[in-house]
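Scroll down for the structure; my scribbles are underneath it.
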There are 2 protein chains.
Amino acid sequence: MARSKREDWRGCPIRFGMGHFGDPWTLLIIRDLMFRGKRYYSDFLGSGEGIASNILADRLKRLHSAGMIDKARDPDNRSKFIYTLTAKGLDLMPIMLAIIDWSATYDAATEAPPEFIAQLREDPDSLMRTLRARLLEEP
Amino acid sequence: MARSKREDWRGCPIRFGMGHFGDPWTLLIIRDLMFRGKRYYSDFLGSGEGIASNILADRLKRLHSAGMIDKARDPDNRSKFIYTLTAKGLDLMPIMLAIIDWSATYDAATEAPPEFIAQLREDPDSLMRTLRARLLEEP
DNA sequence: GGTCTGAACTTGCTTTTTGCAAGCGCCATG
DNA sequence: CATGGCGCTTGCAAAAAGCAAGTTCAGACC
């Protein structure tokens with residue numbers, strides 16, 4: 001096998017996952033959408049890690065064509081675009097939470113709030129419901 | 001912020017994760033170790049996706065220095081090395097299973113065995129225990 | 001309706017990472 | 001002590017990422 005482009009990776013579930021987010025940036029964008037309430041291109045640009053604008057544009061395009069995010073004009077300011085997670089994107093939440101759990105364990109400098117981690121370990125399902133509900137009712 | 005090398009990414013749990021496995025190859029190696037019983041350099045090389053030997057050597061080095069895998073001479077053939085998961089590497093299992101779950105949902109061509117997915121969704125904890133036990137008792 | 005501004009990209013160029021093919025050193029076996 | 005498998009390393013070409021500057025388009029203001 002091999003030799004196919006990564007976007008075409010499928011079959012093996014881990015390989016399929018890597019085809020979609022096997023790079024350093026994609027899941028950081030998902031994080032911004034999922035946990036930090038960010039919605040605009042300029043929000044992602046200023047997100048701390050310093051993603052380059054061309055890479056950001058490319059990743060947004062890929063996420064959109066993979067059906068993980070939607071893109072729409074901001075009704076309050078039609079010169080801006082609002083990006084939001086689709087169901088497929090929201091369904092990445094268990095992956096994100098598993099990463100957060102692992103990192104909270106192994107990163108001595110973790111900034112994950114202790115009560116978030118506590119709830120994640122005690123009752124992950126209710127935490128997920130809370131987070132999803134918050135995302136769906138956002139303005 | 002920004003400008004630091006990815007190996008030094010920490011603080012934010014997602015960023016920390018991406019610093020460790022924010023590339024297409026690392027988790028494929030973990031998959032081979034975790035689900036496919038692979039242990040040798042040559043096993044990983046021949047794993048279907050066609051990783052280049054220099055990249056493989058580099059990723060094994062990183063995984064080892066991050067404490068996610070061990071490297072030891074094969075007692076049966078001292079010209080070979082055996083790679084195994086450490087506790088830190090084994091603890092990636094929830095992430096791997098979450099990826100598998102997501103991919104089984106969204107990859108129409110998934111090769112994940114249906115009964116594996118069924119058990120993953122019904123009783124993930126017992127599946128995890130089974131998988132971990134199998135890894136620990138391996139020859 | 002002309003100009004200005006902010007937001008969302010795009011372009012061109014440099015640097016870094018990856019991919020590929022070949023080679024090298026070590027240990028086991030005959 | 002030659003041969004061959006195994007685990008890498010090296011050199012070079014191709015692709016991706018990073019950086020700075022430029023372009024486009026919508027809306028606001030004049």
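Everything numeric here is computed off the predicted structure, so don't read it as measured data. In the text below, chain A, chain B and the rest are named by the order of the sequence lines, each starting its count at 1.
Residues passing the ring-ring contact (aromatic ring centres under 6.0 Å, His included) test with B:W102, sequence neighbours excluded: A:F16, A:H20, A:F21, B:Y106.
Separating the CG atom of B:L56 from the C1' atom of D:dC8 is a distance of 9 Å, rounded to the nearest angstrom. Rounded to an integer number of Å, the gap from A:D76 CG to D:dG27 C1' is 14 Å. At whole-Å resolution of the value, CG in B:D23 and P in D:dA16 are 15 Å apart. For the pair B:L28 CG and C:dG19 C1', the interatomic distance rounds to 16 Å; values are reported in whole Å. The nearest whole Å value for the distance from the CD1 atom in A:I55 to the C1' atom in C:dT16 is 12 Å. Across the protein-nucleic acid pair, B:E49 atom CD and C:dG19 atom C1' stand 15 Å apart, rounded to whole Å.
Using a 3.5 Å distance cut-off with no hydrogens or angles, the side chains of B:R121 and B:T105 do pair a donor with an acceptor.
Note on B:W25: a side-chain N or O is less than 4.0 Å away from OP1 or OP2 of C:dG19. Checking the phosphate oxygens (OP1, OP2) of D:dG27, a side-chain nitrogen or oxygen of A:R78 falls inside 4.0 Å.
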Which pairs, protein N/O on one side and nucleotides 4-11 of chain C N/O on the other, fall under 3.5 Å?
from	atom 1	to	atom 2	distance (Å)
C:dA8	OP2	A:S42	N	3.0
C:dA8	OP2	A:S42	OG	3.0
C:dC9	OP1	A:K71	NZ	3.0
C:dC9	OP2	A:Y83	OH	2.2
C:dT10	O4	A:S53	OG	2.8

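Judged by the 6.0 Å distance and 45° axis criteria, B:K71 is positioned over the aromatic ring of B:F81.
The existence of a salt bridge linking A:R62 and A:D23 is excluded, since no basic side-chain nitrogen approaches an acidic carboxylate oxygen closer than 4.0 Å. Note on A:D43 versus A:R36: no salt bridge recorded, every NZ/NE/NH1/NH2 to OD/OE distance being 4.0 Å or above.
Distance alone, capped at 3.5 Å, is enough to place a donor-acceptor pair between the B:T86 side chain and the B:G67 backbone.
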